[in-house]
Amino acid sequence: MRSGTGRALARVATAVACAALLAGCGIRTTSVPVDAGAAPSRAACSVDTPQPQTRPGTPLRVYLVCGSQLEAVDRRTNLPEQRVSGNRVATASALLVELQLDPSDAERTAGFSTAVKGPLVVTGGRGSDPKDTLRLSRQPEDLTPIALSQIVCTFAESPAGGAGRTVLLGGPGAYPLHRYRCTEQLKARPDAAAPTVAATATPGAGSGSPAES
């Protein structure tokens, strides 16, 4: 019995000594077991692509959603390069098709998705619309904020866009056109309203000089 009691006292003394050492080192002790668990996983938001010379088609860049932000993804189109670089509507049409496609397996694995849902097409302006007008088959205001942000940044940073990373968009109805701007803030918060520049024109009103709104 004495030997057992001695061993118990020794264990208590050892525990007290260890606790004192930990406190002296500035380490807080806890009586509750801590299980940190596995390290949190994070989508890469990056897709490895073959070298340009090994990939057929004309390169395009679209903005998809990854980690609640907009991230650029390189795609390819069968359109001739001269049409992509020299025809605003053809470029916008090719980009819009890409935005409506389901992400590839590699893109999904990296965490990409798209909020742009079809059927959705784009045409040029009509009547006295400014020459850089693009009209969607749905009113831009009727799209979800994220879908509109994807379209705005994809168009604005391509030959389909206008100066200052903007794009002049309208829909099928007789509503005012809006010149949307792609900003870093919009890429970070695509669920927010896309910023606009003061309207250059309304349908049938001719063109003018844009000003910040």
Side-chain angles (χ1 to χ4, degrees), residues 55-66 70-104 107-108 112-182 186-187 190-197 199-207 210:
R55 300 168 62 203
T58 303
L60 292 175
R61 173 166 289 187
V62 299
Y63 276 93
L64 301 182
V65 183
C66 190
L70 296 187
E71 299 285 349
V73 172
D74 291 328
R75 294 275 183 85
R76 291 269 161 167
T77 177
N78 292 328
L79 285 177
E81 186 172 357
Q82 59 269 26
R83 288 203 68 194
V84 171
S85 60
N87 188 313
R88 186 187 304 274
V89 177
T91 300
S93 296
L95 291 168
L96 191 57
V97 167
E98 294 295 326
L99 285 172
Q100 294 175 79
L101 293 177
D102 290 332
S104 66
E107 290 168 349
R108 279 197 301 272
F112 287 99
S113 63
T114 183
V116 183
K117 305 300 180 184
L120 187 62
V121 297
V122 62
T123 60
R126 64 192 184 205
S128 58
D129 284 348
K131 64 179 181 179
D132 60 343
T133 301
L134 294 172
R135 286 187 175 271
L136 301 173
S137 56
R138 278 184 276 163
Q139 288 299 129
E141 301 86 350
D142 292 340
L143 302 174
T144 66
I146 295 179
L148 180 57
S149 297
Q150 284 185 252
I151 293 171
V152 166
C153 283
T154 298
F155 285 1
E157 296 191 359
S158 79
R165 296 164 71 185
T166 65
V167 59
L168 185 60
L169 288 180
Y175 299 99
L177 304 172
H178 294 287
R179 186 174 292 279
Y180 295 94
R181 184 185 298 279
C182 178
L186 184 62
K187 293 177 186 178
D191 56 338
T196 60
V197 176
T200 58
T202 54
S207 60

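Here, residue 1 is the first one in the sequence, and each next residue gets the next number.
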Any residue meeting side-chain hydrogen bond (donor to acceptor under 3.5 Å, both in side chains) with [X], in chain and number order, not counting sequence neighbours:
X: Ser158; answer: none
X: Glu157; answer: Tyr63, Arg165, Lys187
X: Arg138; answer: none
X: Tyr180; answer: none

Contact between [X] and [Y] at the side-chain level, heavy atoms closer than 4.5 Å - yes or no?
X: Leu168; Y: Asp129; result: no
X: Leu177; Y: Arg135; result: yes
X: Val73; Y: Pro103; result: no
X: Leu64; Y: Glu71; result: no

| said: For Arg108, I'd like to know if atom CZ has over 12 heavy atoms of other residues, nucleotides or ligands within 6.0 Å. | reply: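 More than 12 heavy atoms, drawn from other residues, nucleotides or ligands, come within 6.0 Å of this atom.
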| message | Can you list everything that forms a side chain to side chain contact (heavy atoms under 4.5 Å, CB included) with Gln139? Sequence neighbours excluded, please. | response |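 Checked Gln139 against side chain to side chain contact (heavy atoms under 4.5 Å, CB included); matches are Glu141, Asp142, Pro172, Tyr175.
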Please find the pair of heavy atoms, one from [X] and one from [Y], that lie closest to each other, and give the distance.
X: Cys182; Y: Val152; answer: N-CG1, 4.1 Å
X: Leu169; Y: Pro140; answer: CB-CG, 4.1 Å
X: Pro145; Y: Ala192; answer: CB-O, 4.1 Å
X: Leu186; Y: Ala194; answer: CD1-CA, 3.9 Å
X: Val116; Y: Ala147; answer: CG2-O, 3.8 Å
X: Leu95; Y: Arg61; answer: CD2-O, 3.7 Å

Please check if the side chain of [X] supplies one atom and the backbone of [Y] the other of a donor-acceptor pair under 3.5 Å.
X: Arg76; Y: Leu60; answer: no
X: Thr114; Y: Leu99; answer: yes
X: Ser149; Y: Pro190; answer: yes
X: Ser137; Y: Val121; answer: yes

How many angstroms lie between [atom1] in [X] and [atom2] in [Y], if you round to the nearest 0.5 Å?
X: Ile146; Y: Gln150; atom1: CD1; atom2: CD; result: 7.5 Å
X: Leu148; Y: Asp191; atom1: CG; atom2: CG; result: 12.5 Å
X: Thr133; Y: Arg179; atom1: OG1; atom2: CZ; result: 7.5 Å
X: Ile151; Y: Leu143; atom1: CD1; atom2: CG; result: 5.0 Å

| salt bridge (charged side-chain N to carboxylate O under 4.0 Å, His left out): pairs with one or both residues in residues 91-100, sequence neighbours excluded |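 Every salt bridge (charged side-chain N to carboxylate O under 4.0 Å, His left out) pair that includes a residue of residues 91-100, provided the two are not neighbours, is Arg75-Glu98.
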| request: Start with the C-alpha distance between Val65 and Leu70, add both sets of side-chain angles, then the distance that settles side chain to side chain contact (heavy atoms under 4.5 Å, CB included), and finish with yes or no. | output: CA-CA 5 Å; Val65 183; Leu70 296 187; 4.1 Å; yes
